[in-house]
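Worth knowing before you read on, the calculation uses all heavy atoms, side chains too, and leaves out hydrogens, waters and symmetry mates. A quick note: this is a predicted structure, and the numbers were derived from the prediction, not measured.
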Amino acid sequence: MEAVLTAARSWSEQDPDSETRAELEALVASASSGDAAAADSLRERFSGRLAFGTAGLRAELGAGPQRMNRVVVTQAAAGLARFLIDTGRDRSVVIGYDGRVNSDVFARDSAEVMRGLGLEVTLLPSALPTPVLAFAVRHLGVGAGVMVTASHNPPRDNGYKVYLGGDDDGSQIVPPVDGEIAAAIDAVAAGDVRDLVRATDYTVATPALVEAYVEATAATVPAPALPADAQPKVVYTAMHGVGWETARAVFAAAGFAEPVVVPEQIEPDGAFPTVSFPNPEEPGAMDLSVAQGVAVGADLVIANDPDADRLALAIPDGQGSFRRLSGNEVGWLLGWRAAARAQAAGPSDGSGVLAASIVSSPALARVAERHGLGYRDTLTGFKWVSRVPGLVFGYEEALGYLVDPGVVRDKDGISAALALLDLAVELAADGRTIADQLAAFAAEFGAFASGQVSTRVDDLSRIGEIMASLRSTAPTSLGGLDVVGVTDYSDGVEGFPPSDILRYDLEGGARVIVRPSGTEPKVKVYIDTVADTPAEAQALVDALAADVRPLVS
């Protein structure tokens, strides 16, 4: 324990944040007095350090190397800067931040440290959506981008996401770069952050940068097929995040009517007072927006997550309320729209590809085939989707959509919302709805359905135990369907690098995929089926979920 106490005292001495310094000093004092809970907390906080991977950093705010705080962020910023310098990349970076607690502080720390190491640094002018930062990397032609955000994680979390310019074209980092940056961060962490030179003569971007994003995004759709007063009525929520002002400007620039907002959730608020988990996928997260939709008689309810890189859509259910579409359903609609447009226009380079993560519905592959386009599965994460050559449209079922790779090489909840508004207005001009389009999709491509089972764990070792158990004893049938094939991605298959993923192919075209979450302490199971009717496909999903749940609990 003495070694842990010594490490904690040393960490506290270099911590520039009075709040986390006091937190750590209190734990040290309590542990030194024999408080077992305080001692356990210190051991956990100093049992290692946050791993910097392809998702960057993400964790709960707090003191110590296993939390998000100013020391960890300063080390990350310096490590990233030294990586850019040591590898001969462009020594320039743009930094953005959202409305979470300390996001602005972490962004300014990063700007000062990177500028102190000699980089040209541009800080975005205010709390802005992640897609604006991803756009800025390409628009400014910089070597790297940093976004301080924990996206849709719980309120006490924050994170650090990295993009690269140059040959990476504004995409998020992938291996082996993540390991190289992690090594550079570890080298910095071996010293004291007080020894790092800071400088405040970095550039703060003007509103013109945001205006450039608005203009480029608005240009991704044609003029609306109906005037504003004849368009479908839309309710919008920012879920206490930073999406509204930018989304509002984009919708207006493109000629769409301004949505009715959910006032309780429209302003950025890092406490997320009306939702326990600010993720539109979570039960209850869209309750206020649905209530607003019912109150105003809306045709659509759309929600961005707190950093506005994801999008959720709900439509009237015919029973006085709304039904939230799954990420796959939205992906089908946007993918079909993109495929039809690509087929009509003809990709300029003579090719066109639709892409989705391997845990997303296989329906998009059928869309691509019918429209004469290529199709690619990728590993989960937009760092992979965005890098597909010839990409026309890409998505993953966790509410992420890339509708125009020429503007942003990452998921973008604002441009995706605009594409859906365009689709909804086009359908309305023809006397049809989003529900009608889903029915048309099933008639054209088959009745697909998808579902998900998740197991949240308190002990991360439980995730490894679950995956090991599945590998040692593979099920021979699920949901009354025979397992006709098992694919273990741990050794790398089908051109994918080694990944902790198991796939079960079932008779009749159904599929079950199991993997640990990349951002949360969960094991996630993805279920996909296809049948003659939507009801039959959903019944298969339900049967498979019932059989899978005990295997991962």
Side-chain angles (χ1 to χ4, degrees), residues 7 10-11 14-17 45-59 64-97 103 105-123 133-134 136-137 140-150 158-199 202 381 383 387 497 518-519:
S10 176
W11 183 277
Q14 64 175 321
D15 189 350
D17 189 303
R45 291 167 187 249
F46 286 86
S47 61
R49 60 178 295 108
L50 287 183
F52 187 94
T54 54
L57 298 170
R58 196 174 291 187
Q66 290 278 40
R67 299 285 191 274
M68 281 295 295
N69 51 67
R70 294 182 66 186
V71 176
V72 164
V73 166
T74 299
Q75 293 167 341
L80 174 59
R82 289 183 176 175
F83 162 80
L84 295 174
I85 294 167
D86 293 345
T87 56
R89 291 174 178 261
D90 191 315
R91 299 185 181 189
S92 58
V93 63
V94 59
I95 302 169
Y97 57 97
S103 285
V105 175
F106 294 161
R108 285 193 293 271
D109 277 339
S110 298
E112 292 178 6
V113 168
M114 290 178 161
R115 183 66 188 128
L117 286 167
L119 270 61
E120 294 298 321
V121 178
T122 300
L123 181 67
L133 182 280
V137 174
L140 298 177
V142 295
V146 169
M147 184 66 192
V148 182
T149 178
N158 215 324
Y160 206 77
K161 185 184 294 187
V162 176
Y163 299 78
L164 290 178
D167 291 342
D168 292 271
D169 205 22
S171 290
Q172 293 180 52
I173 57 171
V174 295
V177 165
D178 58 336
E180 295 171 15
I181 296 174
I185 293 171
D186 288 345
V188 172
D192 190 313
V193 298
R194 290 173 294 182
D195 296 332
L196 294 169
V197 175
R198 288 175 175 251
Y202 52 82
K383 55 187 173 285
R387 293 170 180 269
T519 57

- Message: Given 3.5 Å as the limit, does a donor-acceptor pair link the side chain of Arg82 with the main chain of Ile185, or not?
- Response: no
- Would you call Lys383 and Asp178 a salt bridge, using N to O less than 4.0 angstrom? no
- Message: Run the side chain to side chain donor-acceptor pair (under 3.5 Å) test on Tyr160 and Ser110 for me, step by step, so that the C-alpha distance in whole Å, both residues' side-chain angles and the decisive distance to 0.1 Å come before the verdict.
- Response: CA-CA 10 Å; Tyr160 206 77; Ser110 298; 2.8 Å; yes
- If every non-hydrogen atom of Ser103 is compared with every non-hydrogen atom of Tyr97, which pair is closest and at what distance? O-CB, 3.6 Å
- Task: Answer yes or no: is there a donor N or O on one side and an acceptor on the other, between the side chain of Gln14 and the main chain of Val193, under 3.5 Å?
- Result: yes
- Over all heavy atoms of both residues, which pair between Leu133 and Gly96 is shortest? Give the atoms and the distance, please. CD2-N, 3.6 Å
- For the student: nearest non-hydrogen atoms of Ile181 and Phe52, plus distance: CG2-CE2, 3.5 Å
- Item | Within 6.0 Å of CG in Asp195, more than 12 heavy atoms from elsewhere | yes
- Counting heavy atoms not belonging to Arg91, are there more than 12 under 6.0 Å from its CZ? no
- Gly143 backbone acceptor or donor facing Ser92 side chain under 3.5 Å: yes
- Query: In terms of side-chain geometry, is the basic nitrogen of Asp169 or Arg387 positioned less than 4.0 Å from the acidic oxygen of its partner?
  - Reply: no
- Please identify each residue that fulfils side-chain hydrogen bond (donor to acceptor under 3.5 Å, both in side chains) with Asp15, with sequence neighbours left out. Thr20
- Minimum heavy-atom distance Val188-Gly79, with the two atoms named: CG2-N, 3.8 Å
- Between Gly48 and Gln66, the two heavy atoms sitting closest are O-CG, 3.6 Å
- Do you know which two heavy atoms are closest between Tyr202 and Val121, and how far apart they sit? CB-O, 3.6 Å
- Separation of Leu84 CG from Leu164 CG (nearest 0.5 Å): 7.0 Å
- Message: Applying side-chain contact (heavy atoms from CB on, under 4.5 Å) to Asp109 and Arg198, what does each step give before you reach the verdict?
- Response: CA-CA 8 Å; Asp109 277 339; Arg198 288 175 175 251; 2.9 Å; yes
